[in-house]
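Computed from a predicted structure; not experimentally measured. Letters A, B, ... are given to chains in the order of the sequence lines, protein chains preceding strands, and every chain is numbered from 1.
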Amino acid sequence: MNKYDTLNEKQREACFCTEGPLLLLAGAGSGKTRVLTHRIAYILENNLAKPWEIMAITFTNKASKEMAERVESLLGECSQVFVSTFHSACMRFLRRDIDKLGFSKSFTIYDTTDSKKVIKDIVKNNNLDKQAYKEAAVLSEISKAKNLLMSPDDYYNAYASEHRKRKIAEIYEQYQKELKKNNALDFGDLLYYMVKLFESEPDVLAHYQNKFKYILVDEYQDTNMIQFKIVNMLAKKHKNLCVVGDDDQSIYKFRGADITNILSFEKYYPSARVIKLEQNYRSTKNILDAANAVIKGNTYRKAKRLWTENPVGEKISFYNLPDEKQEARVIVELVGANLQAGYKYKDQSVLYRTNAQSRVIEERLFNQGIPYKILGGTNFYQRKEIKDFIAYLRLINEPKDDVAFDRIINYPKRGIGASTVNQVKDYAIKHEMSLFEVLEMIDEIDEFTDRNKKKLGEFAELIRTFAEEAKGMDSLEDFAADIVDRVGFYDELHKEKDKAEEKIANVRELIGKFKEYDDTAEEISLTGFLEDIALISDVDGYDEDADYVTLMTLHSAKGLEFPLVYMPGMEDGLFPSYMSINEGDEQVEEERRLCYVGITRAQEKLVMLSVKNRFLNGNTSYNPVSRFIEEIPDELLDVKSAKRSAQSYSARQKVKERKPTPYKSYYKAAKKDVKPAKEIDLKVGDFVMHKKYEVGEILEIRPAGADYELSVNFTSVGLKKIMANLSGVKKIDF
DNA sequence: GACATATCTAAAGCC
DNA sequence: TAGATATGTC
């Protein structure tokens, strides 16, 4: 028996069909990763290609790593297959040849925050209305354009009749100029310039075309036009292109994913073979039936029906609860119950539509002392203190990086205020220089006061010294620790009242990552490290061995599986979201696919929850149960009543049951209607809530000048006075 | 002009 | 809730 005997017939067919274009339609849980890895092994074992002549594109770095490992374990040896994401592959190719496009090879990669900053400055400098040209919206237009391979000119011409789009085209143009000046690329540029480079340098393209004899693309349903183009360019010579995907799992339209890439693969490659993998090995029958029932609601899809030989399993539990706190409570109770039943924490995962939903659940898990990990949200590398520190490394690595410069020129505070910085910026714009270049010659510029010259000169000197040291560096950890010391990073964080300890701990953790890098990297370089972290995705932080409950968005969960899945927030308006409902059927279909992805993550048990009143993002919404729940046949659902689950109340929770009015609502209500405070429904005897845990009873309300003074007896801290007026709560003495 | 504090505003999904 | 902006103080 050889390794291929463990595959089913269809899987084997896909595995051995190595020559020519192949479309592999692989339903959820149908073992496509197994097929891909076996296919690579087969190609290698039969000497059809050398390892480095195979390119496999995955969706996340984590998936790349896994695939490489699995190929290695199949072959029992270290292989050098080129497994990478689109973005990392392009980054690596561009590192080699980007000088041909006028960038230098030490280019920086800007993340969304950096990009927004650049756009914001452009909008400001052009005296445009910042409300009409919000950074996020403009950036999304720009990246859409890039994903369609449209230059600023193309974009301008395509939308010449629309005023707003003409303006955006202008911003786009300046944005590209600014990035080039900073020697920086954003995420979209990695792909965009890749195509540009291939187009303008046929030799470079030919090199890769010759090199990669076999190309595999995973999660093909989520590729966009430009990625399709890159794949086509690379596969043009050998045409051994195998794409794997499931149109029902296409969930990234918002970032340009083009579902037609998969739906019309056969049109582009008329000779393409199509193989469908429809047997699911992951989920129980009930779970799969529910998934099939939901996805049936979509019209634009390839006909297929997943089936399984797995047991029927339990019905899908559905809870409709009063509010998000109850929802969190039920989830956490079930986590505990399932732990008793023999499941581990790591077998259980909470998947939600929006990151904001994680907070309540996190609080509850935290309260109950259950180990958990939240993926995404504020990514570790997005935290302010981390970004600030990384900005030092970025500026040291590439002094032209104006965004990094701007972050740290006065952080930690060194007496260089906003107006001085603006002066530097004005000078830089006038003379077309980078900010750091201005500093390099600050002594010769008369406009600056002696004091500022000194301060700015000192900063420039500091960065120069570090850059000098970076050259001969053999430990990034030591280097970073040195920067922290000399810059006084911890001292600065100590001064910040809010979560100073946590921030310092984060920076220490970062230093720990430098150590890790020192230990694992083949060659230690600043560029190398910055490269590694620039393209990290949320799921890259997921560790399936560690025993904790995992919380993440449905988007992040793609490609993962868990014995137990909880899906909170099954409400129309949240999932599917208002936006998608307003935008029409096509958007709702995308949400439906997202729901399908969620359901099919579950192997054994699936719990779905919705609530009647949800307090989210500062206001309460009353949403009906999600249409996706309605689409699941009754016989598959086990509708649980809220009361039954609410057995184990502690005394403290009973207090909470009396529905304390959050201050926030009070504030809102008072402000919206501008009613006299008396008419606001806060009265003596009501319970109010402060922040997360403090619940208290109002003992007295009395006028105090224009304001009101409330005496509140808090359960934990006792009697406190709270000042309130028409515009809300003024002061809380804790 | 730098820094501290008060006030306002807006909120999806991701490499 | 946080981040940006407006206002106040030295």
Side-chain angles (χ1 to χ4, degrees), chain A residues 57-64 84-91 109-113 115-117 120 124 130-131 134-136 139-140 143 146-147 185-191 219 222-224 226-227 251-257 351-357 359 375-379 381-384 410 413-423 449 451-452 455 495-499 533-540 552-558 569 573-580 583 587 590-591 593-594 597-598 615-619 664 667 671 691-692 727-728 730-731:
Chain A
I57 299 286
T58 60
F59 203 67
T60 62
N61 294 305
K62 183 173 174 290
S64 296
S84 166
T85 65
F86 271 108
H87 286 89
S88 327
C90 291
M91 179 180 69
I109 295 169
Y110 276 7
D111 68 14
T112 314
T113 319
S115 299
K116 281 187 192 159
K117 177 97 187 28
K120 197 173 177 185
K124 204 195 233 160
K130 63 182 175 188
Q131 283 300 320
K134 287 186 198 147
E135 308 97 83
L139 181 62
S140 129
S143 42
K146 280 181 191 166
N147 285 335
L185 272 65
D186 69 13
F187 294 131
D189 286 336
L190 290 170
L191 307 177
E219 306 288 4
D222 282 320
T223 53
N224 58 32
I226 196 163
Q227 291 166 332
I251 54 173
Y252 281 99
K253 189 151 188 283
F254 69 90
R255 72 175 202 209
L351 310 179
Y352 36 76
R353 178 69 245 267
T354 64
N355 278 311
Q357 287 167 253
R359 252 200 54 216
L375 301 185
T378 15
N379 181 311
Y381 289 100
Q382 300 284 32
R383 288 165 199 261
K384 185 181 176 299
N410 197 32
K413 304 248 163 60
R414 45 174 75 86
I416 303 171
S419 43
T420 311
V421 175
N422 279 332
Q423 230 182 322
T449 63
R451 175 186 175 278
N452 285 339
K455 296 259 179 212
K495 282 186 216 148
E496 290 175 26
K497 288 161 266 176
D498 211 30
K499 298 183 184 161
I533 62 169
L535 298 176
I536 282 180
S537 71
D538 290 338
V539 280
D540 292 338
M552 71 184 98
T553 62
L554 288 155
H555 279 92
S556 298
K558 192 175 70 162
L574 181 62
F575 190 31
S577 71
Y578 277 123
M579 288 185 198
S580 62
E583 282 166 28
Q587 284 305 316
E590 172 131 332
E591 301 266 312
R593 290 192 291 270
L594 189 57
V597 167
F615 183 70
L616 194 69
N617 296 338
N619 48 37
K664 199 84 180 187
Y667 176 89
K671 205 169 177 196
K691 290 195 179 155
K692 332 177 201 182
S727 65
K730 282 193 98 177
K731 201 171 159 219

Let me know, please, whether T85(A) or E591(A) comes out on the 5' side of the other along DNA chain B by nearest nucleotide.
E591(A)
Side-chain N,O (T553(A)) to OP1/OP2 (dA12(B)) below 4.0 Å:
no
Parallel, tilted or perpendicular, judged at 30° and 60°: which one describes the rings of F59(A) and Y252(A)?
tilted
Measuring to OP1 and OP2 of dT5(C), would you say a side-chain N or O of K120(A) lies under 4.0 angstrom away?
yes
S88(A) near the nucleic acid: base, sugar-phosphate alone, or nothing, with a heavy-atom cut-off under 4.0 Å?
nothing
Given side-chain hydrogen bond (donor to acceptor under 3.5 Å, both in side chains), test N61(A) with S64(A) step by step and report yes or no.
CA-CA 5 Å; N61(A) 294 305; S64(A) 296; 5.1 Å; no
Give a yes or no on this: more than 12 heavy atoms of other residues, nucleotides or ligands lie within 6.0 Å of atom NZ of K253(A).
no
Atom pair distance, as rounded to whole Å: OH in Y578(A) and C1' in dG13(B):
18 Å
Extract from the structure each pairing of a protein N or O with an N or O of nucleotides 1-3 of chain B at less than 3.5 Å, listing the distance.
unit_1 : atom_1 : unit_2  : atom_2 : d
dA2(B) : OP1    : G417(A) : N      : 2.8
dA2(B) : OP1    : T420(A) : OG1    : 2.6
dA2(B) : OP2    : S419(A) : OG     : 2.7
dC3(B) : OP1    : G415(A) : N      : 3.4
dC3(B) : OP2    : N410(A) : ND2    : 3.1

dG13(B) P sits how many Å from L554(A) CG, rounded?
11 Å
Hey, is the side chain of N355(A) poking within less than 4.0 Å of OP1 or OP2 on dC14(B), counting only N and O atoms?
yes
Quick one: Q587(A) CD to dA12(B) P, roughly how many Å, whole number?
15 Å
How long is the line joining OH of Y110(A) and P of dC14(B), in whole Å?
23 Å
Intra- and interstrand pairs of DNA chain C - dot-bracket, Watson-Crick/G-U under 3.5 Å, | marks other strand
||||||||||
Mind calculating the distance between CG (N61(A)) and C1' (dC15(B)) to the nearest angstrom?
9 Å
Would you tell me whether N422(A) and S419(A) have side-chain atoms, one donor and one acceptor, within less than 3.5 Å of each other?
no
With respect to the side chain of F187(A), which nucleotide from dC15(B), dA12(B), dC14(B) is positioned closest?
dC15(B)
Stacking between dG13(B) and F254(A), yes or no? Criterion: centroid separation under 5.5 angstrom, plane angle under 30 degrees.
yes
Name the residue closer to the 5' end of DNA chain B, choosing between Q131(A) and H87(A) according to the nucleotide with the nearest heavy atom.
Q131(A)
Please check the phosphate of dG13(B) (OP1 and OP2 only) for any side-chain N or O of T354(A) closer than 4.0 Å.
no
Please tabulate the protein-to-nucleotide N/O contacts below 3.5 Å involving nucleotides 8-10 of chain C, giving atom names and distances.
none

So F86(A), base contact, sugar-phosphate only, or nothing? Heavy-atom distance under 4.0 Å.
nothing
Candidate nucleotides dT5(C), dA12(B), dC15(B), ranked by approach to the side chain of R255(A) - the nearest:
dC15(B)
